[in-house]
Amino acid sequence: RRPPSAPQPPAPPPHAAPPPHAPRLTPRRAARRADISELSLESTMKLDFFNGKEDLMNFRVSFKIIEGIYKGGSFVFKIEVPKSYPHDAPKVLCETTVFHPNIDMEGHVCLNILREDWKPVLTMQSILMGLHFILLEPNPDDPLNKEAAKMMVDNRAHFQQTVTRTFRGGTYPMPDGKTYSFPKQC
């Protein structure tokens, strides 16, 4: 005769699926979340998760510049993080029209860590620091806006006057022969 079998523990409840609106937390998504949550923003920087806090792949960062050539300016950059991040760099676009050697008139940004110097060990903090740095110290030696870089090197006073004039807002012809509208900055 067999001894009576011990009572079986109740079956675990079926795993509840996350709500349809909640994205599954994959290791890559968890790394992005940690990267964003570890950002150390200066008082002159602000993040805007325009699709809500759940979408860490698309956000804007704004900078209020308090020194240098662009002092008094506010600049907004849209950052799109690819699914392949951190293996591929985020896409960054300056949404504020600015006359700058490292930002073309369509808002494309020339920052080496967003191109050939990108490495998966770099973080969003590295990108924000790089963007802030080019607003404080434009680099005419690695230009995207060649007209701005040439003016900055050849006639820094004229470059400063052009930046100051565009900060007043309005529409101005630029050295490339095209006319651009600039937001009022100060």
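In what follows, every heavy atom counts, from backbone to side chain, and hydrogens, waters and symmetry copies are set aside. The first residue in the sequence is number 1, and the count goes up from there. Computed from a prediction, not measured in an experiment: that's the story for all the values here.
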> Quick one, Phe63 and Val61 - any side-chain contact, counting heavy atoms below 4.5 Å?
yes
> Roughly how far, to the nearest 0.5 Å, is the CZ atom of Phe77 from the CE atom of Met45?
10.5 Å
> Please name the pair of heavy atoms, one in Ile103 and one in Cys94, separated by the smallest distance, quoted to 0.1 Å.
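Looking at all heavy atoms of both residues, the shortest contact is CG2-CB, 3.8 Å.
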> Linking I/L/V/M/F/W/Y whenever their side-chain heavy atoms sit closer than 4.5 Å, directly or via other members, would Val92 and Ile113 fall into one cluster?
yes
> Nearest 0.5 Å, please: how far is CE in Met124 from CG in Leu47?
10.0 Å
> Whether the side chain of Tyr172 engages the backbone of Thr179 through a donor-acceptor N/O pair (distance < 3.5 Å, no angle test) should be reported.
no
> In terms of side-chain geometry, is the basic nitrogen of Asp142 or Arg115 positioned less than 4.0 Å from the acidic oxygen of its partner?
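Salt bridge: yes.
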> Begin with the C-alpha distance, continue with both residues' side-chain angles, and end with the deciding distance and a verdict on ring-ring contact (aromatic ring centres under 6.0 Å, His included) for Phe159 and Phe99.
CA-CA 9 Å; Phe159 176 77; Phe99 187 67; 5.7 Å; yes
> Do you know which two heavy atoms are closest between Pro90 and Pro82, and how far apart they sit?
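Looking at all heavy atoms of both residues, the closest pair is CA-CD, 3.7 Å.
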> For the CG atom of Asp176 and the CE atom of Met105, what is their distance to the nearest 0.5 Å?
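Interatomic distance, Asp176 CG to Met105 CE, rounded to 0.5 Å: 7.0 Å.
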> Keeping the roles fixed (side chain from Asn102, backbone from Pro138), state whether a donor-acceptor pair exists under 3.5 Å.
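No: the side chain of Asn102 does not pair with the backbone of Pro138.
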> Does anything in residues 59-72 pair up under side-chain hydrogen bond (donor to acceptor under 3.5 Å, both in side chains), and if so which pairs, sequence neighbours excluded?
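Listed by first then second residue: Arg60-Glu95.
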> Rounded to the nearest 0.5 Å, what separation is found between the CG atom of Asp35 and the OG1 atom of Thr123?
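It is 5.0 Å, given to the nearest 0.5 Å.
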> Kindly give the heavy-atom pair with the smallest separation between Met174 and Tyr180, and that separation in Å.
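Residues Met174 and Tyr180, closest heavy atoms: CG-CD1, 3.5 Å.
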> Evaluate whether atom CZ of Arg156 has more than 12 neighbouring non-hydrogen atoms of other residues, nucleotides or ligands under 6.0 angstrom away.
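Open.
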> Given side chains that start at C-beta, do those of His132 and Glu42 come closer than 4.5 Å, heavy atoms only?
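The answer is yes; the side chains approach within 4.5 Å.
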> Work out which heavy atom in Gln125 is nearest to a heavy atom in Glu38; give both atom names and the distance.
OE1-O, 4.2 Å
> Identify the two heavy atoms, one from Pro140 and one from Pro101, that lie closest to each other, and give their separation to 0.1 Å.
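Residues Pro140 and Pro101, closest heavy atoms: CA-CB, 4.2 Å.
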> To the closest 0.5 Å, what do you measure between NZ (Lys78) and CG (Asp48)?
11.0 Å
> Is there a continuous path of hydrophobic side-chain contacts, each under 4.5 Å between heavy atoms, that joins Phe75 to Leu93?
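Result: no, two separate clusters.
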> Donor-acceptor check, side chain of Asp104 to backbone of His108, threshold 3.5 angstrom: yes or no?
yes
> Which heavy atom of Trp118 sits nearest a heavy atom of Ile127, and at what distance?
CZ3-CD1, 3.8 Å
> Once you round to the nearest 0.5 Å, how far does CD of Glu147 lie from OG1 of Thr162?
12.0 Å
